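In what follows, a structure is listed as structure tokens, so that the remarks can point back to it.
From a predicted model like this one, the values you see are computed outputs, not experimental measurements. Remember, it's 1-based here, ligands and their atoms both numbered in the order they're listed. Any value given below was found using the heavy atoms of this structure, including those in side chains, with hydrogens, waters and symmetry copies removed.
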Amino acid sequence: MASPILKPPEHQVAGHSAKDGKLGPLVDGRGLFYKPLQGDGRGDSELSFYAAFFSHPAVPPAIRSFFPGFHGTHFLPSSDGSGPRPHLALDDLLPAFRSPSIIDLKIGACTWPPDSPDDYFRKCIARDRESASPTLGFRVSGVQIQNPGVGADSFWRPLRSRVRVYSVEETRRVLRQFVSRNSPSTDEKLDCDLASVVYGAADGVLAQLQEIKAWFEEQTIFHFYSTSILLIYEKDAAAAAVGRSSGVRVKLVDFAHVVEGNGIIDHNFLGGLSSLIKLLFEVITDPEGDGWKASKVHLSCNNGSLESNASVLPST
Ligand SMILES: Nc1ncnc2c1ncn2[C@@H]1O[C@H](COP(=O)(O)OP(=O)(O)OP(=O)(O)O)[C@@H](O)[C@H]1O
Ligand SMILES: O=P(O)(O)O[C@@H]1[C@H](O)[C@H](O)[C@@H](OP(=O)(O)O)[C@H](OP(=O)(O)O)[C@H]1O
């Protein structure tokens with residue numbers, strides 16, 4: 001069989017990209033996503049996580065299904081032309097989708113593991129403070145939303161530099177935009193028409209997140225710093241899914257900063273996940289987004305304390 005042609009993924013919304021001659025992931029068009037092992041120990045750390053996670057007897061099979069399947073490492077030519085290097089071979093999460101709407105949500109108010117080197121901690125906290133992470137416990141890392149009525153290949157893709165500094169209000173808005181049928185770039189009122197099927201259906205995003213959350217309420221094996229939750233769905237399929245499955249997928253990706261849990265609950269991830277669930281639930285119950293008011297919240301983090309005045313909480 002001829003070797004597959006490797007190319008940058010068509011629908012990558014965050015992270016390092018192989019486009020423009022840089023080092024990034026490649027896909028083979030046959031179902032595998034190859035993520036190059038990054039330097040600074042990040043690649044080795046992610047490889048160790050995948051090996052430990054998929055061999056750990058205490059991880060339930062249903063939980064494994066929320067992670068990309070892992071198929072070892074493959075030595076492949078790097079996308080930046082620097083020669084062959086090991087790549088993680090993962091299930092490509094997107095072949096089943098023709099025009100996927102995707103959002104990457106980086107979970108956790110703290111994005112750096114305890115005992116991180118000082119320069120890494122400073123880099124992370126500077127980025128976190130520009131974002132909604134300290135307030136919400138998660139932030140948007142990247143998003144693409146199919147433009148309805150314009151064609152299957154037309155997407156709204158805001159600049160990543162803009163997305164990673166989204167405020168709380170902007171984060172709430174994009175979560176509503178993600179399930180609206182009017183054009184994402186429009187100023188008109190968002191319709192949130194697909195919220196009940198994409199977020200609220202029996203096999204929708206909230207049901208899947210609740211299953212993940214139930215595991216995080218018990219598991220003390222791993223602590224996931226800077227890990228993302230990807231939400232992936234197809235607008236046409238969701239619109240046609242009255243009473244049927246919308247095919248929406250929830251997946252966890254990016255495990256370069258996972259550390260051992262040492263018998264302790266991963267409060268950082270659990271807090272962000274709970275906050276995300278609450279916001280998505282409110283998209284269904286309060287699609288107009290009126291039930292929010294400004295409030296002041298204090299959150300503490302390892303390596304220091306964060307304070308924010310910009311938070312919003314639902315009114316009671
Ligand atoms: N298995 C996969 N299949 C398809 N797409 C994927 C897969 N894993 C990741 N992606 C895409 O690649 C993006 C970045 O993934 P990931 O966070 O693992 O990369 P990264 O370079 O480590 O990111 P960062 O720079 O944030 O650390 C995701 O937002 C998603 O769009
Ligand atoms: O959110 P963005 O804008 O995509 O920014 C990236 C994101 O913060 C990643 O988590 C980080 O990798 P690490 O988590 O591994 O530090 C990467 O650092 P890098 O550019 O130094 O790789 C950043 O560029």
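For ligand 1 and Asp91, the ligand atoms under 4.0 Å from any heavy atom of the residue are 1 (N), 2 (C), 3 (N). When each atom of ligand 1 is checked for a heavy atom of Asp92 under 4.0 Å away, the hits are 3 (N), 4 (C). The atoms of ligand 1 that sit less than 4.0 Å from any heavy atom of Val13 are 29 (O), 31 (O). Close contacts of ligand 1 with Lys35, meaning ligand atoms under 4.0 Å from a residue heavy atom, involve 16 (P), 18 (O), 19 (O), 20 (P), 22 (O). Listed by number with element, the atoms of ligand 1 under 4.0 angstrom from any heavy atom of Val253 are 8 (N).
Looking at Asp104 next to ligand 1, an N or O pair under 3.5 Å apart turns up. Taking any N or O of Leu230, backbone or side chain, none lies under 3.5 Å from an N or O belonging to ligand 1. Close N/O approach between Leu93 and ligand 1 is found [any backbone or side-chain N/O within under 3.5 Å].
Annotation: side chain of Val253 is not in contact with side chain of Thr227 (no heavy-atom distance under 4.5 Å).
Within 4.0 Å of ligand 2, contacts by protein heavy atoms are made from His16, Arg42, Lys106, Tyr120, Lys123, Arg127, Arg160, Arg164, Ser226, His257.
Scanning the protein heavy atoms around atom 13 (C) of ligand 1, the nearest turns out to be Ala14 O, 3.1 Å. Of all protein heavy atoms, the one closest to atom 23 (O) of ligand 1 is Gly15 CA, 3.2 Å. Scanning the protein heavy atoms around atom 12 (O) of ligand 1, the nearest turns out to be Gln12 CG, 3.3 Å. In terms of protein heavy-atom proximity, atom 6 (C) of ligand 1 is closest to Phe33 CE1, 3.2 Å. Protein heavy atom in closest approach to atom 27 (O) of ligand 1: Asp254 OD2, 2.9 Å. The closest protein non-hydrogen atom to atom 21 (O) of ligand 1 is His16 ND1, 2.7 Å.
Using a 4.0 Å cut-off between a side-chain N of Lys or Arg and a carboxylate O of Asp or Glu, Glu282 and Arg172 do not qualify as a salt bridge.
No more than 12 heavy atoms of other residues, nucleotides or ligands shown are found within 6.0 angstrom of CZ on Arg122. Shown here is Glu260, whose CD atom has no more than 12 heavy atoms of other residues, nucleotides or ligands within 6.0 Å. Under a cut-off of 6.0 angstrom, the local environment of CZ in Phe281 is sparse, with at most 12 non-hydrogen atoms contributed by other residues, nucleotides or ligands.
Aromatic ring centres of Tyr233 and Phe97 lie farther apart than the 6.0 Å criterion allows. Residues Phe222 and Phe255 keep their aromatic ring centres 6.0 Å or farther apart. Remark: aromatic rings of Tyr120 and His257 are close, center separation under 6.0 Å. Aromatic pair Phe70/Phe53: centroids not less than 6.0 angstrom apart.
Atom 15 (O) of ligand 1 lies below 4.0 Å from none of the non-hydrogen atoms of the protein.
Ser154 and Asn147 share a donor-acceptor pair across their side chains, judged by distance under 3.5 Å alone.
For the atom pair Cys110 SG and His267 NE2, the distance stands at 12.5 Å (nearest 0.5 Å). Atom NZ of Lys278 and atom CG of Leu206 lie 12.0 Å apart (nearest 0.5 Å). Taken from NE2 in His223 to CG in Leu270, the straight-line distance is 10.0 Å, to the nearest 0.5 Å.
No path of Ile, Leu, Val, Met, Phe, Trp and Tyr side chains, each step under 4.5 Å between heavy atoms, connects Val27 with Phe155, placing them in separate hydrophobic clusters.
Residue contacts with ligand 1, taken as heavy atom pairs separated by less than 4.0 Å, involve Lys106 solely via side-chain atoms from C-beta onward.
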